[in-house]
Amino acid sequence: MGDEGTLAGRRALVTGGASGIGRACVERLARAGAAVVVVDRDAGPAQALAEAVGGTAVALDLTDLDAIDRLDLDVDILVNNAGLQHVAPLHEFPVDRFSLILRLMLESPFRLVRGALPHMYGRGWGRVVNVSSVHGLRASPYKSAYVTAKHGLEGLSKVIALEGAPHGVTSNCVNPAYVRTPLVEGQIADQARTHGLSEDDVVEQVMLAPAAIKRLIEPEEVAEAVAYLCSPAAASVTGSSFVMDGGWSAH
């Protein structure tokens, strides 16, 4: 998308911005002209990326909800991307891990949006993009916390869309299947050990089994969808889920 400069004068904030999908989003929004705030718990990589794109970095653990309330949230674009995964059967799922995942992936987006909307409303323009997942629309066994958080994020996104519409604010989800990120690469290694398979076989037989397109999605593909939702062409797109799951949910 040749949209260099379309986000000039806009300030964007991306959570989990130092690696994976977040990093791709930071680079893509900066290329469109936005000044990007890279929020990540890893200070070094966040700072290095911010310097590379002419943005700023904030080192923050987003499970500290009160710290979020102290952030400067006068931003025009908010990309809620930070997340983590834990795989375990429900009856063995660690209760503290369940709470942590919901705090990071549902409560922290709520706090960020709550803090950012007054600025967006004041300007009569805003874009909230929630990096959801195919697991915001479908379930898989052993991922109770992740699936619950992503389903909750879908609902939150729609409420933001309905409340934000009169103020020029849109809110949408992007729903990828497995993306080639550090989070997924960690899962591949774990599953290879668990199933006694090679990493290639895990990708093919386990991760890509429900998808029609048999490859991992690249972070840059997700970032293109995010950039589109922030662009003038998407001014009427709100309350939607932009599915890029290689045909997973077509079954």
Side-chain angles (χ1 to χ4, degrees), residues 7-85 99-123 125-133 149-150 153 156-157 160 164 169-174 179 181-183 186 219-220 222-223 225-227 229-230:
L7 296 179
R10 305 294 187 191
R11 186 166 181 250
L13 185 151
V14 180
T15 67
S19 71
I21 294 169
R23 181 187 181 93
C25 289
V26 168
E27 292 170 342
R28 184 64 184 81
L29 294 173
R31 208 157 70 242
V36 189
V37 183
V38 184
V39 176
D40 202 284
R41 64 183 180 185
D42 295 327
Q47 187 61 45
L49 179 58
E51 286 172 10
V53 301
T56 53
V58 177
L60 185 67
D61 178 354
L62 289 163
T63 62
D64 182 349
L65 300 177
D66 292 336
I68 293 172
D69 292 340
R70 295 191 291 272
L71 275 175
D72 172 8
L73 291 171
D74 285 354
V75 296
D76 308 294
I77 296 165
L78 173 61
V79 180
N80 286 311
N81 165 71
L84 58 88
Q85 180 63 278
S99 294
L100 179 81
I101 287 174
L102 260 65
R103 199 155 72 240
L104 174 63
M105 291 167 52
L106 190 51
E107 286 195 66
S108 87
F110 159 70
R111 292 285 189 110
L112 289 158
V113 167
R114 184 177 180 273
L117 282 178
H119 170 82
M120 294 180 182
Y121 287 179
R123 295 199 56 176
W125 192 96
R127 297 288 179 265
V128 178
V129 184
N130 301 297
V131 178
S132 180
S133 165
K150 292 299 192 189
L153 186 63
L156 176 63
S157 184
I160 300 161
V169 175
T170 68
S171 174
N172 295 284
C173 290
V174 176
V179 181
T181 65
L183 183 90
E220 292 73 20
V222 183
V226 172
L229 291 169
C230 295

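Basis for what follows: all heavy atoms, side chains included, without hydrogens, waters or symmetry-related copies. Along the sequence shown, residues are numbered consecutively beginning with 1. These numbers come from a predicted model, not from an experiment.
- Of the residues Leu13, Val37, Val39, Val14, the one that meets the side-chain contact (heavy atoms from CB on, under 4.5 Å) test with Val26 is Val14.
- From Leu78, atom CG reaches atom CD1 of Ile160 across 8.0 Å, with rounding to the nearest 0.5 Å.
- Heavy atoms only, all atoms of each residue included: Leu183 and Gln85 are closest at CD1-N, 3.7 Å.
- Atom CZ of Phe110 sits about 13.0 Å away from atom CG of Leu153, to the nearest 0.5 Å.
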Point to revise | Thr170 and Leu229: CA distance, side-chain angles, deciding distance, side-chain contact (heavy atoms from CB on, under 4.5 Å) verdict | key: CA-CA 9 Å; Thr170 68; Leu229 291 169; over 6 Å; no
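- The minimum heavy-atom distance between Leu49 and Ala18, with the atom names listed, is CD2-CA, 4.2 Å.
- With sequence neighbours excluded, the residues that form a side-chain contact (heavy atoms from CB on, under 4.5 Å) with Val131 are Ile21, Val79, Asn81.
- Pairs of residues two or more places apart, or lying in two chains, that qualify as side-chain hydrogen bond (donor to acceptor under 3.5 Å, both in side chains) and include a residue from residues 17-26 are Arg23-Glu27.
- Thr63 places no side-chain N or O within 3.5 Å of a backbone atom of Leu100 that could act as its donor or acceptor partner.
- One finds the CD1 atom of Ile101 at 12.0 Å from the CG atom of Leu106 (value rounded to the nearest 0.5 Å).
- Side-chain contact between Met105 and Lys150 is present, with heavy atoms from C-beta onward closer than 4.5 Å.
- Residues that satisfy the side-chain contact (heavy atoms from CB on, under 4.5 Å) test with Ser157, not counting sequence neighbours, are Asn130, Ser171, Cys173.
- Residues satisfying the side-chain contact (heavy atoms from CB on, under 4.5 Å) test with Glu51, not counting sequence neighbours, are Gln47.
- Identified under the side-chain hydrogen bond (donor to acceptor under 3.5 Å, both in side chains) test for residues 99-117, with sequence neighbours left out: Asp69-Arg111.
- The CG atom of Leu156 sits 8.0 Å away from atom CG of Asn80, with the distance rounded to the nearest 0.5 Å.
- Heavy atoms only, all atoms of each residue included: Leu60 and Leu71 are closest at CD2-CD1, 3.7 Å.
- For Asp64, there are no salt bridge (charged side-chain N to carboxylate O under 4.0 Å, His left out) partners at least two apart in sequence or on another chain.
- Looking only at distances, a side-chain donor or acceptor of Asp76 sits under 3.5 Å from a matching main-chain atom of Arg11.
- Every residue two or more places apart in sequence or in another chain that forms a side-chain contact (heavy atoms from CB on, under 4.5 Å) with Ala43 is listed here: Ala59.
- In plain terms, the two heavy atoms of Ala227 and Leu29 that are nearest each other are CA-CD2, 4.4 Å.
- Screening residues 36-46 for side-chain hydrogen bond (donor to acceptor under 3.5 Å, both in side chains) gives no qualifying pairs among residues at least two apart or on separate chains.
- The nearest pair of heavy atoms linking Cys230 to Ile77 is SG-CG2, 3.7 Å.
- Considering all non-hydrogen atoms of both residues, Leu7 and Trp125 come closest at CD2-CH2, 4.3 Å.
- Interatomic distance, Leu73 CG to Leu112 CG, rounded to the nearest 0.5 Å: 6.0 Å.
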